[in-house]
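Below is one structure, written out as structure tokens; the observations come after it.
Hydrogens, waters and symmetry mates are skipped; everything else that's a heavy atom, side chains included, is used.
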Amino acid sequence: MAWLDGATLRPSGEAAFVIEYGEEIDQAVGQRVAGLYAAISAAAPEGFVEAVPTFRSLLVLFDPDVTSKDAILAALPEESADAAAATTEWIVPACFDADVAEDLEEAARNLDLPPDTVRERLAASHYQIGMYGFAPGYAYMSGIDQTLTLPRRQKPRPPIPAGSIIMAAGMAVLCSVSMPTGWYVVGRTALTLFDPDRDPMVPFAVGDRLTFEPVSREELERLAREGNGLRRAS
């Protein structure tokens with residue numbers, strides 16, 4: 001089956017299994033996981049419970065009294081280019097001014113780069129939603145310019161606002177809730193990343209791509225009052 005070419009299947013107890021594609025955070029791998037996630041969710045054979053995508057793998061949960069790993073895999077359609085391409089590209093207004101990007105200047109010093117260069121590279125990066133985790137709507141992204149790679153802080157910093165953009169370890173995250181973090185706060189959006197009364201509850205699908213559109217602090221505040229400014233790329 002083409003879906004499994006180069007993949008490793010691992011059991012995860014009697015009611016789940018994992019399909020792994022590689023060991024690295026790579027956008028091509030992320031697109032393949034997103035395609036498989038869409039296909040297996042659409043097929044949804046009897047006994048399928050849910051699938052959970054990550055940067056490089058898909059966890060599949062099922063009811064072992066009703067179905068099996070082999071039956072779920074047999075229900076998959078043939079792989080097609082359309083499955084991997086069925087993602088959306090977004091433009092997200094974001095502010096990188098010092099008063100909301102609280103750690104940007106510290107990060108720039110640690111990177112030995114001018115702060116404006118860090119801002120430019122954050123805005124020029126092409127991000128991909130790799131997974132949700134840690135907290136509801138907490139969106140982990142690949143695609144950040146790798147010259148901005150920093151280790152996590154040794155100690156967490158105080159809580160940050162929801163909508164913050166943080167970076168560390170060669171990744172970036174859109175934060176859905178206020179909490180302490182060991183990552184660097186380098187920007188802010190007006191997005192609500194998680195709303196249990198919204199359908200869907202999170203704005204992006206795993207595999208979606210986005211870029212940041214720099215805006216002023218004043219524009220960010222306007223967007224927070226009137227709408228988040230999120231739009232599809234043309």
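Checking each of Leu148, Thr117, Asp145 against Leu122 for a side-chain contact (heavy atoms from CB on, under 4.5 Å) leaves exactly one that passes, namely Leu148. Tested against Phe96 for a side-chain contact (heavy atoms from CB on, under 4.5 Å), the candidates Ile165, Val118, Val215, Asp116 yield a single pass: Ile165.
Using a 4.0 Å cut-off between charged nitrogen and carboxylate oxygen, Glu218 and Arg222 do not count as a salt-bridge pair.
Partners of Ala15 according to the side chain to side chain contact (heavy atoms under 4.5 Å, CB included) rule, which considers only residues two or more places apart in sequence or in another chain, are Pro64. Residues satisfying the side chain to side chain contact (heavy atoms under 4.5 Å, CB included) criterion with Glu23, sequence neighbours excluded, are Glu20, Arg56. Remark: Phe55 pairs with no residue by the ring-ring contact (aromatic ring centres under 6.0 Å, His included) rule, at least two apart or across chains. Remark: Leu223 pairs with Pro93, Ala190, Glu219 by the side chain to side chain contact (heavy atoms under 4.5 Å, CB included) rule, at least two apart or across chains.
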Without placing hydrogens or testing angles, list every side-chain donor-acceptor pair under 3.5 Å for residues 129-141, not counting sequence neighbours.
{"from": "Tyr132", "atom 1": "OH", "to": "Phe204", "atom 2": "N", "distance (Å)": "3.4"}
{"from": "Tyr132", "atom 1": "OH", "to": "Phe204", "atom 2": "O", "distance (Å)": "2.7"}

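Other residues sharing the hydrophobic cluster of Val52, ordered by chain and number and joined by side-chain separations under 4.5 Å: Val18, Val49, Leu59, Leu61.
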Decide salt bridge (Lys or Arg N to Asp or Glu O under 4.0 Å) for Arg188 and Asp97; before the verdict, give the C-alpha distance in whole Å, the side-chain angles of both, and the deciding distance to 0.1 Å. CA-CA 9 Å; Arg188 193 180 302 171; Asp97 292 356; over 6 Å; no
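At a cut-off of 3.5 Å, with distance as the only test, no side-chain donor of Arg157 or Thr181 sits close to an acceptor on the other residue. For the residue pair Asn110/Tyr184, the side-chain donor-acceptor check at 3.5 Å is satisfied.
The closest side-chain heavy-atom distance from Asp195 to Met201 is not below 4.5 Å.
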